[in-house]
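Computed over heavy atoms, backbone and side chain alike; hydrogens, waters and symmetry mates excluded. Numbered from 1 within each chain, the chains take letters A, B, ... in sequence-line order. Predicted, not measured: the structure shown is a model, and the values here were computed from it.
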Amino acid sequence: MQKYTHTFENEMNDQGFLQNTTEPKRARVAQKALKSWYLEHARPLPWREKPSLYGTWLSEVMLQQTRVETGIPKWHAFRERFPTVRSLALATEEEVMKAWEGLGYYRRARLLHKAAKAIHESGDFPDTHAGWIELPGIGPYTAAAIASIGLGEAVAAVDGNVQRVVARWGGIEQPVDSKPGAAKIQAIADAWLDLQNPGDHNQAVMELGALVCSPKKPACDNCPLTSTCDSADNASLWSRLPVKQPKKKPEAWNLTWHVATFLNHVAIEQRPETGIWAKMWAFSETPPPDSFAEAGDLCSPVNHILTHKRITATFKHWQAPDLSTLRTHAKNHGGEVVTWTEFEQRARPRLLTKIWNELCLEKG
DNA sequence: CTCCGGACGT
DNA sequence: ACGTCCGGAG
């Protein structure tokens, strides 16, 4: 874990004078400003109200790759469904997946469940950063966030918000996702860290990234760091930062789902353990045998754009001659037959839930 | 459309 | 170091 050992060398300022304030001083000035700003501007987020390790852990995992506004209602619903880590540990994976429905990155739900079992098994939550990072689904950021917020451990948490704030503040031009770039970001984050109050400090940096130092239009006028920030009111700099390594284009993907039905019953299957929508419930990607009557498309092709795939999904409708044929067909694919209403209880990809009413309307 | 965002498997 | 996983906002 990162300690407060980094030191900066003295630098010339842009007037060419040797600065009488060393870089660590500059970091302390930023830290102080951040602290008082946060006292005034921290949002009343639900997991901050009655903080608990369980609530903090859940919020941090949910907020990996998920926006706060999306996370809030899901966090409440999840806590209601699984009030304790024990109840989560004793739940089935199916139930956990269902509670995660719509949040995306479904592996997070399975890793959260695995971690809950490990915590339940060991009798309590880990009480150090080192303990947390051992758990499934807990990486460097999440471990640091939980350890600082929940345990008061002095570790700097670096997420996307922090990368942006720090890269702009320090004028870091290297890609933040490269090894040298990440090291620079971490060094500054470590130098900023408030050792007395690491949890609030980390949240302050992230809050600043969310509320003020936003990706598109940072509000430098309202920023507590303007006096020390390299990018303050410098659009040609902040608009380029943070630098990220170029990402490859998503591939186009045509997906055909074969919707085999008999009256209000439908054959469904659980997707494989790996790949897109792992272990979510959907339709078969292979057509049923000849005894099924082709009944056209259930709806016009649906476009669903993800970062890594541009999906065009077609829903081909097939009518089974009778219920037992439908059941046999489903069973051959490791699937099962349910009513549409029962299907709604399963964890389904967003692509399905977003056009669910159209599918049901046409189901006949 | 473009951009945003952590963990983990390879 | 790079690819794979999702969904929502602008």
Side-chain angles (χ1 to χ4, degrees), chain A residues 57-74 97 100-115 132-147 156-168 174-183 185-186 189 202 205-207 209-211 213-218 238-253 255 271-280 282 302-313 347-356:
Chain A
W57 168 47
L58 181 61
S59 73
E60 289 301 338
V61 173
M62 257 185 195
L63 266 40
Q64 293 166 2
Q65 319 304 88
T66 301
R67 316 190 102 78
V68 168
E69 310 80 65
T70 311
I72 289 174
K74 288 286 180 181
M97 293 294 283
W100 205 262
E101 185 183 80
L103 277 172
Y105 292 101
Y106 297 100
R107 182 171 56 172
R108 291 182 295 166
R110 283 178 283 125
L111 296 178
L112 186 81
H113 191 210
K114 273 183 76 174
W132 274 99
I133 206 164
E134 291 302 314
L135 287 171
I138 308 293
Y141 161 71
T142 308
I146 297 172
V158 177
D159 73 343
N161 284 311
V162 178
Q163 286 179 340
R164 188 171 58 252
V165 171
V166 169
R168 285 171 174 170
Q174 290 106 320
V176 293
D177 44 2
S178 70
K179 187 106 158 235
I185 299 290
Q186 185 73 53
N202 282 332
V205 184
M206 295 188 275
E207 201 83 338
L211 299 181
C213 196
S214 57
K216 288 288 165 80
K217 258 190 84 65
W238 62 248
S239 63
R240 289 187 290 111
L241 300 179
V243 176
K244 304 238 175 127
Q245 286 173 335
K247 46 217 171 262
K248 75 165 210 183
K249 287 235 158 69
E251 58 171 319
W253 199 46
L255 171 65
R271 297 188 56 85
E273 287 193 26
T274 57
I276 193 165
W277 300 312
K279 304 203 86 168
M280 306 286 281
V302 179
N303 289 315
H304 191 68
I305 303 175
L306 308 175
T307 296
H308 59 301
K309 279 188 172 64
R310 299 193 344 261
I311 301 170
T312 305
R348 298 154 293 158
R350 184 76 184 97
L351 170 53
L352 276 188
T353 61
K354 87 176 178 190
I355 53 135
W356 189 250

Could you go over nucleotides 1-4 of chain C and give all protein N or O partners under 3.5 Å, atom names and distances?
{"unit_1": "C:dT4", "atom_1": "OP2", "unit_2": "A:K248", "atom_2": "NZ", "d": "3.1"}

- [ ] Inspect the surroundings of NZ in A:K114 and state if more than 12 heavy atoms from other residues, nucleotides or ligands are less than 6.0 Å away.
- [x]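 At most 12 heavy atoms, drawn from other residues, nucleotides or ligands, come within 6.0 Å of this atom.
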Open item on the list: Can you tell me if A:E273 has over 12 outside heavy atoms packed within less than 6.0 Å of its CD?
Closed with: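 Open.
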Open item on the list: Both A:Y141 and A:K216 contact DNA chain B. Which one's nearest nucleotide lies toward the 5' end?
Closed with: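 The answer here is A:K216.
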Side chain of [X], heavy atoms from C-beta onward: which of [options] has the nearest atom to it?
{"X": "A:W277", "options": "C:dC6, B:dG6, B:dG5", "answer": "C:dC6"}
{"X": "A:T142", "options": "B:dA7, B:dG5, B:dC1", "answer": "B:dA7"}
{"X": "A:R350", "options": "C:dG7, B:dG6, B:dC4", "answer": "C:dG7"}

- [ ] Could you state the atom-to-atom distance from CZ of A:R110 to P of C:dC5 in whole Å?
- [x] 11 Å
Task: Between B:dG9 (P) and A:Y105 (OH): distance, integer Å - done: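 Atom-to-atom, A:Y105 to B:dG9, this comes out as 16 Å.
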Open item on the list: Test of understanding: with side-chain hydrogen bond (donor to acceptor under 3.5 Å, both in side chains), list the residues that count as partners of A:Y141, not counting sequence neighbours.
Closed with: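 side-chain hydrogen bond (donor to acceptor under 3.5 Å, both in side chains) list for A:Y141, sorted by chain: A:E60.
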Applying a 4.0 Å non-hydrogen cut-off, can you work out what [X] is touching in the nucleic acid: base, sugar-phosphate, or nothing?
{"X": "A:Q65", "value": "base"}
{"X": "A:R164", "value": "sugar-phosphate"}
{"X": "A:K244", "value": "sugar-phosphate"}

Task: All salt bridge (Lys or Arg N to Asp or Glu O under 4.0 Å) counterparts of A:R271, not counting sequence neighbours - done: A:E285
